[in-house]
2 protein chains.
Amino acid sequence: MSYEPDWNVLTQTCPSRTSLARIANKWTAMIVIVLGKGRTRFRDLRHAVEGISGKVLTETLRDLERDGLVARHVFAEVPPRVEYELTDLGRTLYGPLSAIGQWAEAHIAEVLDARESYDRQR
Amino acid sequence: MSYEPDWNVLTQTCPSRTSLARIANKWTAMIVIVLGKGRTRFRDLRHAVEGISGKVLTETLRDLERDGLVARHVFAEVPPRVEYELTDLGRTLYGPLSAIGQWAEAHIAEVLDARESYDRQR
DNA sequence: CTGTATCCCATGCGATACTG
DNA sequence: CAGTATCGCATGGGATACAG
């Protein structure tokens with residue numbers, strides 16, 4: 001009922017494309033996959049998503065918070081503790097994004113074979 | 001049976017992450033969504049994915065071809081005609097990626113509301 | 001029409017230093 | 001610990017010109 005068939009990510013000016021650009025992103029996918037398992041503090045998120053820099057983690061979390069996908073919980077402690085979790089809206093994205101992650105893991109052997117065969121032919 | 005539980009996109013050096021980086025991308029998503037509807041020639045793809053430049057379309061298609069997701073068919077005509085279509089492997093990705101596109105379209109209203117509310121508070 | 005080759009600006013992203 | 005600020009390299013990606 002809230003679906004608006006006029007919205008089309010293939011249309012250049014459709015707002016939905018700005019949302020697509022944010023969610024169709026490797027860091028977003030990995031962060032949402034981790035948060036899908038439960039509320040996580042910044043430090044643990046940084047370790048779970050191997051190789052992500054603090055800067056990018058902060059920036060991506062801010063963007064996700066702005067889009068209403070992630071909630072931020074700050075505890076007035078020293079040293080500070082901040083936890084992140086998916087909102088109701090963010091949870092509806094967990095399925096689709098974890099499917100992408102699982103696809104990458106399930107088919108990487110075929111992809112590697114394809115790359116080798118492609119590169120061999122030139 | 002071809003699933004290898006040791007592969008984990010969250011691990012920095014896992015090859016599956018290189019595949020995730022390729023598929024968790026807005027251009028890849030839009031191209032696969034269009035190709036999911038059937039074999040398409042270059043020109044039509046360029047028009048369907050509004051706003052994509054020829055350079056980026058070519059590069060993305062090459063990468064997808066290299067990963068075994070897209071097949072390229074060249075016709076010896078003048079002017080030349082080249083058609084692209086999803087491979088069997090690429091077709092297994094259509095579901096997950098179109099789900100991402102549909103999510104963006106279905107929830108953009110909520111996302112826009114969240115952005116407005118976030119921006120208003122600062 | 002389907003590319004390829006350049007040029008060049010914008011953005012992504014890591015590293016480092018610093019603050020509350 | 002969880003940021004913010006800054007720097008600078010790498011990549012993304014548009015525009016244009018040109019080739020087959």
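Just so we're on the same page: letters track the sequence lines, and every chain starts at 1.
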Fill in: B/Gly54 vs B/Arg41, nearer the 5' end of DNA chain C by closest nucleotide
B/Arg41

Discussion item. To check you understand the geometry: which heavy-atom pair defines the closest contact between A/Ala104 and B/Ile23, and what is its length?
Written reply: CB-CD1, 4.3 Å

Worksheet item: For A/Glu59 and C/dT11, what is the distance between atoms CD and P respectively, to the nearest whole Å?
Response: 13 Å

Worksheet item: Just how far, in rounded Å, is P of C/dG12 from CG of A/Asp63?
Response: 9 Å

Practice prompt. Specify the residues of residues 69-87 of chain A, ordered by number, for which at least one heavy atom lies under 4.0 angstrom from an atom of DNA chain D.
Written response: A/Arg72, A/Pro79, A/Pro80, A/Val82, A/Tyr84

Fill in: Residues from residues 17-28 of chain B lying under 4.0 Å of DNA chain D - heavy atoms
B/Lys26, B/Trp27

Worksheet entry | Atom pair distance, as rounded to whole Å: CZ in A/Arg62 and C1' in C/dC13 | 17 Å

Discussion item. Treating B/Arg17 as the side-chain partner and B/Thr13 as the backbone partner, does any N or O pair qualify as donor plus acceptor under 3.5 Å?
Written reply: no

Worksheet, complete the sentence: From CD of A/Gln12 across to P of D/dG13 the rounded distance in Å is 14 Å

Discussion item. Whether the side chain of A/Asp67 engages the backbone of A/Leu69 through a donor-acceptor N/O pair (distance < 3.5 Å, no angle test) should be reported.
Written reply: no

Discussion item. Testing the basics here: between A/Thr60 and A/Arg22, what is the closest heavy-atom pair and its distance to 0.1 Å?
Written reply: CG2-NH1, 4.2 Å

Worksheet item: Is a donor on one side and an acceptor on the other found under 3.5 Å between the side chain of A/Ser117 and the backbone of A/Asp113?
Response: no

Output one line per pair: protein atom, nucleotide atom from nucleotides 15-18 of chain C, and distance, for all N/O pairs under 3.5 Å.
none

Item to complete: Please report, rounded to the nearest Å, how far the C1' atom of C/dG14 is from the CD1 atom of A/Ile52.
Response: 11 Å

Worksheet item: If you look at every heavy atom in B/Ala99 and A/Pro96, which pair is closest and at what distance?
Response: CB-CB, 4.5 Å

Worksheet item: How close do B/Trp103 and A/Ser19 get, heavy atom to heavy atom, and via which atoms?
Response: CZ3-OG, 3.8 Å

Fill in: Terminal axes of the helix from C/dC1-D/dG20 to C/dG20-D/dC1 (five pairs each): angle between them, nearest 10 degrees
40°

Worksheet entry | Between C/dT2 (P) and B/Leu61 (CG): distance, integer Å | 11 Å

Worksheet item: What pair of heavy atoms forms the shortest contact from B/Val9 to A/Met30, and how long is it?
Response: O-SD, 3.4 Å

Worksheet entry | Shortest side-chain distance from A/Arg43, nucleotide among D/dC1, D/dG13, D/dG3 | D/dC1

Fill in: Selection residues 45-57 of chain A - residue pairs positive for salt bridge (Lys or Arg N to Asp or Glu O under 4.0 Å), sequence neighbours left out
A/Lys55-A/Glu59

Worksheet item: Of all heavy-atom pairs between A/Trp7 and B/Glu105, which one has the smallest distance, and what is that distance?
Response: O-CD, 3.3 Å

Discussion item. Is it the case that the side chain of B/Ser16 and the backbone of A/Ile108 share a donor-acceptor pair, with hydrogens and angles ignored and the cut-off at 3.5 Å?
Written reply: no

Output a table of donor-acceptor pairs, distance under 3.5 Å, between side-chain atoms of residues 32-42 of chain B and any protein atom two or more places apart or on a different chain; print 'none' if there are none.
{"unit_1": "B/Arg39", "atom_1": "NH1", "unit_2": "B/Glu83", "atom_2": "OE1", "d": "3.1"}
{"unit_1": "B/Arg39", "atom_1": "NH2", "unit_2": "B/His73", "atom_2": "NE2", "d": "3.4"}
{"unit_1": "B/Thr40", "atom_1": "OG1", "unit_2": "B/Gly38", "atom_2": "O", "d": "2.8"}

Discussion item. With salt bridge (charged side-chain N to carboxylate O under 4.0 Å, His left out) as the criterion, how do A/Arg66 and A/Asp63 come out once you've worked through the C-alpha distance, each side chain's angles and the decisive distance to 0.1 Å?
Written reply: CA-CA 5 Å; A/Arg66 189 171 101 101; A/Asp63 287 342; 5.4 Å; no

